[in-house]
Amino acid sequence: DGVSQDLRIVAMKKNVPSVLAKTSVKSPKLKTWHTLEVTFQGDTITAVLDGTVKVEATDSALTSGWCGLLTSGDAETNFDDLKIIPAK
């Protein structure tokens, strides 16, 4: 495979996506599990893929609200052990 893809942090504002930050990643191997950890702290959003690839963005408009996952149109995505831990 070897095709480069991006891990992106995207904000949706008035139904228009805006890429806040991105970093290149190798295409994940098909039929394997991966770990994606996303942390929101104040206006900072950090995403870490498989414990090694990290991307971070800040946006003062995003201090509270919703979180989602966006994949390519041909992606097959399954979730196992999804955890959401609210801030204290």
Side-chain angles (χ1 to χ4, degrees):
D1 61 312
V3 176
S4 181
Q5 303 293 325
D6 293 326
L7 173 60
R8 301 176 183 192
I9 296 175
V10 178
M12 292 293 292
K13 297 174 184 175
K14 297 185 179 182
N15 292 323
V16 177
S18 172
V19 177
L20 301 178
K22 68 180 180 176
T23 190
S24 294
V25 296
K26 287 188 78 173
S27 291
K29 292 186 180 193
L30 296 176
K31 308 294 182 189
T32 60
W33 288 102
H34 300 275
T35 301
L36 178 63
E37 181 179 347
V38 181
T39 305
F40 299 84
Q41 189 166 10
D43 64 354
T44 302
I45 305 159
T46 305
V48 179
L49 178 65
D50 291 333
T52 59
V53 179
K54 179 179 175 180
V55 64
E56 188 170 273
T58 58
D59 187 336
S60 61
L62 302 175
T63 57
S64 66
W66 293 84
C67 170
L69 177 67
L70 174 68
T71 62
S72 296
D74 62 349
E76 180 181 319
T77 306
N78 296 295
F79 293 94
D80 180 39
D81 199 21
L82 175 67
K83 294 177 185 172
I84 299 173
I85 303 168
K88 297 192 182 217

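No donor-acceptor distance shorter than 3.5 angstrom exists from the side chain of D50 to the backbone of H34, with no hydrogens or angles considered.
Here the closest heavy-atom approach between residue W33 and residue F79 is recorded as CZ3-C, 4.3 Å. Nearest heavy atom pair, residue L7 against residue A47, reads CD2-O, 4.2 Å. The minimum heavy-atom distance linking A57 with I9 is given by the pair N-CD1, 3.8 Å.
Partners of E56 according to the side-chain contact (heavy atoms from CB on, under 4.5 Å) rule, which considers only residues two or more places apart in sequence or in another chain, are T44, T46, K54. Under the side-chain hydrogen bond (donor to acceptor under 3.5 Å, both in side chains) criterion, T23 pairs with no residue, sequence neighbours left out. Not counting sequence neighbours, T52 has no partner by the side-chain hydrogen bond (donor to acceptor under 3.5 Å, both in side chains) test.
Here the side chains of V25 and L49 are in contact, with some heavy-atom distance below 4.5 Å. The closest side-chain heavy-atom distance from V38 to I45 is below 4.5 Å. The side-chain heavy atoms of D59 and D43, taken from C-beta on, include no pair separated by under 4.5 Å.
Once rounded to the nearest 0.5 Å, the distance linking CZ of R8 with OG of S24 reads 9.0 Å.
Enclosure of atom CG in N15 is not indicated, since only 12 or fewer non-hydrogen atoms of other residues, nucleotides or ligands lie within 6.0 angstrom.
The same ILVMFWY cluster, assembled from side-chain heavy atoms under 4.5 Å apart, contains both L69 and V53.
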